[in-house]
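Worksheet: the structure to be examined is printed underneath.
Note that ligands are numbered from 1 as they come in the structure, with each ligand's atoms numbered from 1 the same way. Heads up: numbering here begins at 1 and tracks the sequence.
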Amino acid sequence: MRGGREIAAVTDVSLDVAHGECLALVGESGCGKSVLASALLGLLPGNARVGGSALLSGPGPGEATDLLAADEATLARTVRGRRVGLVPQSPAAHLTPVRTVRSHLAETVRELTGAKGQALATATVAAARRAAFPADHLDRYPHQLSGGLAQRAATALALVGDAPLLLADEPTTGLDRDLVERTVDELRGHADAGRGLLIITHDLAAAERIADRVAVMYAGRVVELTEARGFFGAPGPRHPYARGLLDALPERAFRPIPGMPPELGDLPAGCAFAPRCARADAACSTVPALSGTAACHHPVTAPEPAGCGIRSEGSRT
Ligand SMILES: Nc1ncnc2c1ncn2[C@@H]1O[C@H](COP(=O)(O)OP(=O)(O)OP(=O)(O)O)[C@@H](O)[C@H]1O
Ligand code: NI
C-alpha cells in the first residue's frame, strides 16, 4: 500500500509442491513472486492483508499446518528454518552486520542440530561448503562480502535445517555461471532427498536445469503452470506471455516482449497481458481462469513461426 492505496500484489494463486519436487516460479520484476514467498512465512509488513490458506504437511503424519493462519510464535519457533527454509532475495539485509559468517552459521547449526564444540566447528565449515562459501572467508563480516558471497552465505544458512520445504528467492543473483549451476544443483539435491523446493528466479536457464514444473506469474497471477519439460522443449508454453519470456532469451529468438508490465495499482480490466498481446481480442476483457495449464482465452496450441504470438511493435535488439 502506498499513499493509502491498496495493491493486489498476488491474486488467486493456487500452487502445490510435492515431496521430491522442484517448482520454479518465474516472471518479470514486480509481478509478486517475493510477496508470495513472504506471505508463506509470515514476513509481510503489518499493513498487508492475506487471505486463503497455505497448507504445509506435518508436523505429524496426516497433519497439516495452515501457514497463513499460524501465529507469529508458531512460525518463529517451529516453521521458519525448521519446516520451511528461506533463501531471502536480499541476503545482505538478513545478515546481522556485527557478526561474522562463521558466527551466523554456527548459531544456526547449533539451533537446528544441537551440535557443540568441535562437532559444531566442523559442521559449520561443512555447511559453508555446501553452498560453495569459501572457508577462508568465514571470518568476514557481511559488509566485507561481495553480493555473490552474501548470496552463498544466505544459501548455506537456508540449507542447514534440511527443512521439508525450501523457498529460494533468486538464489543465484550475483553468481558466475559455473557457480549458478553448482548452487542450483545443490538446491536440486534438496528435492532429490525427498523434500520440496520452490525456486523463484529470473534465470530461465537455471529453472530449466532443475525444475520439474514451472509456474509463470504475471501481474500478481499465475498465468501458466505446467511440466518443465514441455514448457522449455516441445510443445512449449501455451500462454503468450510465457512464450514471450522464452522468445526473449538471447539463446532463443532474442525478441523482447514489447511494452512494460502494468502497475499493480492500475491493472487493465480483464487479462492484464492483453495490452501487450497480439492474440488479444474482445474476449480478453474478462480475466481468464487457469484452465488446463494456462490462464488465457487464446492459448497457443501449436508452435508458431517466429514473429507471431507477440505484438511486434516496439524495438528489437
Ligand atoms: N511493502 C510493500 N509496500 C508496497 N508495495 C509493495 C510492498 N512489497 C511489495 N510491493 C509491491 O508488490 C509488487 C510485487 O513485488 P514483489 O517483490 O513480490 O515482486 P517480484 O516478482 O519478487 O519482483 P523481483 O523479480 O524484482 O524480485 C511490486 O509491485 C511491489 O512494488
Ligand atoms: Ni522478488
Side-chain angles (χ1 to χ4, degrees), residues 1-15 17 22-52 54 67-68 72 80 84-95 147-148 150-151 154-155 158 165-175 180 183-184 187 197-208 211 213-225 237 239 241-242 244-246 248-249 256-257 259-268 272-273 275-276 287 290 295:
M1 284 188 253
R2 282 202 203 92
R5 272 196 313 146
E6 191 155 306
I7 288 175
V10 176
T11 308
D12 289 344
V13 166
S14 176
L15 295 171
V17 182
C22 169
L23 175 67
L25 182 60
V26 304
E28 278 162 302
S29 201
C31 69
K33 305 181 297 296
S34 296
V35 166
L36 178 63
S38 300
L40 294 178
L41 286 172
L43 295 174
L44 287 174
N47 62 353
R49 274 195 297 128
V50 182
L67 298 177
L68 303 186
E72 172 55 26
R80 292 196 286 261
V84 185
L86 174 69
V87 182
Q89 181 163 14
S90 309
H94 290 255
L95 298 170
Q151 187 65 64
T155 302
L165 176 65
L166 185 61
L167 308 179
D169 193 350
E170 301 287 356
T172 61
T173 306
L175 302 185
V180 167
T183 301
V184 296
L187 294 173
L197 170 64
L198 177 68
I199 180 171
I200 295 174
T201 185
H202 283 104
D203 186 337
L204 293 169
E208 180 172 9
R213 285 187 303 144
V214 182
V216 181
M217 274 184 91
Y218 188 77
R221 291 175 184 269
V222 170
V223 297
E224 182 146 5
L225 178 57
H239 197 284
Y241 170 65
L245 273 185
L246 290 190
L249 293 175
I257 304 174
M260 296 288 287
E263 285 282 327
L264 290 180
D266 188 25
L267 286 183
F273 187 59
R276 302 172 77 186
V287 176
L290 188 71

Any heavy atom of Gly27 sitting closer than 4.0 Å to ligand 1? no
Please list, in number order, the atoms of ligand 1 under 4.0 Å from a heavy atom of Ser29. 23 (O), 24 (P), 25 (O), 26 (O)
Could you tell me whether Leu264 approaches ligand 1 through its side chain, its backbone, both or neither, with non-hydrogen atoms closer than 4.0 Å? side chain
Between Arg221 and Asp12, is the closest basic N to carboxylate O distance under 4.0 Å? yes
Residues Leu267 and Pro262: closest non-hydrogen pair is CD2-CG, 3.6 Å
Output the distance between atom CG (Leu40) and atom CG (Leu68), rounded to the nearest 0.5 Å. 6.5 Å
Whether Ser34 has an N, O or S atom under 2.8 Å from the Ni ion (ligand 2): yes
From Leu245 CG over to Tyr218 OH, what is the distance, rounded to the nearest 0.5 angstrom? 9.5 Å
Minimal non-hydrogen separation, Ala207 against Val26, with atom names: CB-CG1, 4.4 Å
Give yes if a backbone or side-chain nitrogen or oxygen of Ile7 is under 3.5 Å from a nitrogen or oxygen of ligand 1, and no if not. no
Rounded at 0.5 Å granularity, tell me how far CG in Leu25 sits from CG in Asp169. 8.5 Å
With a heavy-atom distance limit of 4.0 Å, tell me whether Glu263 approaches ligand 1 through its side chain, its backbone, both, or neither. neither
Looking at Thr201, Asn47, Val35, Val10, the heavy atom closest to atom 16 (P) of ligand 1 belongs to Val35
I need the contact type for Ser34 against ligand 1. Using non-hydrogen atoms and a strict under-4.0 Å cut-off, is it side chain, backbone, both or neither? both
Is Glu28 paired with Arg276 through a side-chain N to carboxylate O contact shorter than 4.0 Å? yes
Report yes or no: does a heavy atom of His202 sit under 4.0 Å from some atom of ligand 1? yes
Proximal atoms of ligand 1 relative to Pro45 (non-hydrogen, under 4.0 Å): 1 (N)
Check ligand 1 against Ala9 and write out every atom of the ligand that is under 4.0 Å from a heavy-atom position of the residue. 12 (O)
Indicate whether the side chain of Glu224 and that of Tyr241 have a donor and an acceptor atom separated by less than 3.5 Å. no
